[in-house]
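Okay, structure first, notes after.
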There are 2 protein chains.
Amino acid sequence: MPLKTRLTQRLGIQHPVLLAPMGNVSGGALAGAVSAAGGLGMIGGGYGDRPWLEQQFAAAGNHRIGCGFITWSLARQPELLDLALLHRPAALMLSFGDPQPFAGKIKAAGALLICQIQTLRHLDDALRAGADIIVAQGSEAGGHGAQRATLPLVPQIVDRVAKSGSDALVVAAGGIADGRGLAAALMLGAEGVLVGTRFYASTESLAHAKAKACLAEASGEETIRTTTIDIVRDIPWPAEFTVRTLRNAFVERWHGAEAELKAAQPHEMGRYQAAVTAGDFATAGVLAGEAAGLCDAVLPAGEIVTTMVAEAERALAAGARRISA
Amino acid sequence: MPLKTRLTQRLGIQHPVLLAPMGNVSGGALAGAVSAAGGLGMIGGGYGDRPWLEQQFAAAGNHRIGCGFITWSLARQPELLDLALLHRPAALMLSFGDPQPFAGKIKAAGALLICQIQTLRHLDDALRAGADIIVAQGSEAGGHGAQRATLPLVPQIVDRVAKSGSDALVVAAGGIADGRGLAAALMLGAEGVLVGTRFYASTESLAHAKAKACLAEASGEETIRTTTIDIVRDIPWPAEFTVRTLRNAFVERWHGAEAELKAAQPHEMGRYQAAVTAGDFATAGVLAGEAAGLCDAVLPAGEIVTTMVAEAERALAAGARRISA
């Protein structure tokens with residue numbers, strides 16, 4: 001049955017489950033499948049590849065979806081926002097940078113503005129930009145992120161949003177892969193969850209089959225936050241953000257030897273990119289979060305949503321029975 | 001009203017709230033106050049100061065309490081366990097080391113064995129020792145801890161314990177300071193919570209008044225996991241554990257310069273210890289977790305328990321109403 005929250009009302013969806021717009025992973029098929037199951041799928045705009053983006057919007061068919069961008073990267077190719085808005089996304093998500101310069105255009109296009117934040121300063125930026133939905137992302141998340149952990153971050157953000165007078169809704173991200181995490185997020189005051197790692201290992205995900213298998217096999221303990229993957233790819237990420245990835249031979253070699261990697265970068269970049277193409281995950285990164293320890297199989301995205309919601313509903317019902325009469 | 005779980009039944013308490021046995025902070029008065037409010041207070045055995053421990057058991061009066069030790073440190077002074085068991089604690093908690101050598105004596109004395117774990121390997125050790133209660137501690141906790149975050153760690157530990165066939169109960173620790181965190185922990189499959197930071201800033205806590213004030217003022221963003229505080233104090237902690245503390249001038253000076261600090265240690269130790277005595281928290285550490293962002297006042301421990309439980313009950317009741325009929 002539907003799990004109603006203020007988020008499902010605001011987004012016009014059935015279940016408070018959002019797909020994290022993971023670059024090169026959250027394509028149109030995955031976004032469409034999450035929306036078809038009652039959540040909200042979002043295409044991952046990544047570093048901005050126009051033909052890829054067009055292709056993914058096409059692959060989503062007529063499903064009502066959203067799209068997400070890396071804010072600092074979008075600032076270098078602002079025309080990508082116009083492209084995305086032409087497809088009338090239900091929501092446009094911005095993360096990693098000040099959303100202010102893009103907020104007006106997004107709202108004028110009738111899309112809800114989702115801002116992902118990692119710190120209190122980011123929250124201030126998001127509120128100033130008039131965010132409709134604020135995703136509080138904890139450090140346990142896969143891929144790019146920062147330092148704070150989800151469990152203490154979310155209620156603090158909920159309190160600050162309430163105090164600000166904004167009616168923005170808070171969504172929890174980082175470490176959530178099943179219905180228990182969804183139910184826990186609701187207890188913390190979030191109105192829903194944004195899920196990456198669990199959908200990375202979905203049938204429809206564009207991740208390499210071997211990367212999905214690595215994730216499903218991982219215990220969740222072998223992830224690490226590192227800058228090595230951005231250094232080798234020569235992507236100028238702001239210093240406050242690092243990437244959580246599964247440890248592999250590449251990370252073991254270079255993490256802690258970043259200056260050396262910078263010197264070797266012109267050579268290492270080619271080797272890294274060849275590994276990405278070849279599906280060699282001893283070198284290429286699998287950008288999974290700690291929730292990898294809760295994922296042991298690659299599953300269809302629709303089944304992930306349905307199972308997660310059913311499990312959350314069971315947990316919520318059991319929780320109420322804890323209270324003695 | 002009482003918030004019943006299998007943990008409250010097993011421990012014979014009213015609410016599933018355990019005081020973290022923080023060394024030099026969780027004394028007899030604090031432990032007694034938590035137990036009096038329906039939770040379970042535990043004295044923090046720390047590095048083992050026999051007269052202090054005797055004094056704290058006396059300060060707890062007739063309240064039914066527990067006691068916690070740092071396992072690797074207890075191994076160097078095993079007679080402290082006998083001292084604690086003479087006081088017939090309801091539970092004996094061990095953390096940071098293999099509990100096996102102490103398990104038999106604890107159980108023979110009629111105390112429940114609580115093992116705090118940070119990794120899957122620690123979980124194996126705890127299960128092998130026959131733990132009655134397993135505390136899964138996330139990295140956001142204050143003081144000593146490791147890498148995994150609470151939100152994805154707890155359900156994974158719950159699953160592994162169930163799969164092992166053990167009837168040990170799982171308790172969540174790290175990042176929990178209010179009823180929302182307690183309710184979230186129950187959704188994750190925990191049967192209760194272990195709370196440190198929130199009680200650090202309690203009236204009965206033995207922390208310095210200025211340290212409590214620093215914690216109450218902190219936003220939760222300024223904590224860091226570091227080894228500097230153990231280096232300067234010359235305490236031989238195993239490399240897998242670091243201390244989460246509020247950033248201050250001392251940490252800013254030495255974090256990242258650990259080799260230099262080791263060289264300067266004979267001199268710096270005196271300066272550090274003088275700062276602890278003087279209540280100079282630009283140098284001395286305030287071992288708070290990220291939940292500091294949820295604590296803005298020093299409160300009586302009993303009020304903390306009561307408020308936390310009432311808030312959790314409201315969250316649980318509201319959660320059940322989310323499920324559409």
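Chain letters run A, B, ... following the sequence lines, proteins first and then strands; every chain starts at 1. Note that the structure is predicted; figures quoted are calculated from it, not measured.
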Considering only heavy atoms, which portion of B:Val158 lies under 4.5 Å from any heavy atom of chain A: side chain, backbone, both, or neither?
side chain
Among residues 139-150 of chain B, residues within the sub-4.5 Å heavy-atom range of chain A, in order of number, are B:Glu140, B:Gln147, B:Arg148, B:Ala149, B:Thr150
May I ask you to say whether [X] pairs ionically with [Y], meaning some side-chain N is under 4.0 Å from a carboxylate O?
| X | Y | answer |
| --- | --- | --- |
| A:Asp167 | A:Arg10 | yes |
| B:Arg180 | A:Asp159 | yes |
| B:Arg244 | B:Glu290 | yes |
| B:Glu222 | B:Arg247 | no |

Return each pair, listed once, that meets ring-ring contact (aromatic ring centres under 6.0 Å, His included) where at least one residue sits in residues 153-184 of chain A; pairs must be two or more places apart or across chains.
none
Taking the side chain as every heavy atom from C-beta outward, state whether A:Pro16 and A:Glu191 have any atom pair closer than 4.5 Å.
no
Is there side-chain contact between B:Leu40 and B:Leu19, with at least one heavy-atom pair below 4.5 Å?
no
Mark yes or no for whether B:Glu217, through its side chain, and B:Leu215, through its backbone, hold a donor-acceptor pair below 3.5 Å.
no
Top of [options] for chain B proximity - count of heavy-atom pairs under 4.5 angstrom:
| options | value |
| --- | --- |
| A:Ala315, A:Ala177, A:Gly179 | A:Ala315 |
| A:Gly220, A:Ala291, A:Ala317 | A:Gly220 |
| A:Leu186, A:Val154, A:Thr5 | A:Thr5 |
| A:Gly175, A:Gly174, A:Ala172 | A:Gly175 |
| A:Ala185, A:Pro155, A:Gly319, A:Ala183 | A:Pro155 |

Distance only, no hydrogens: is a donor on one side chain within 3.5 Å (strictly under) of an acceptor on the other, for A:His255 and A:Thr228?
no
Considering only heavy atoms, which portion of A:Thr223 lies under 4.5 Å from any heavy atom of chain B: side chain, backbone, both, or neither?
neither
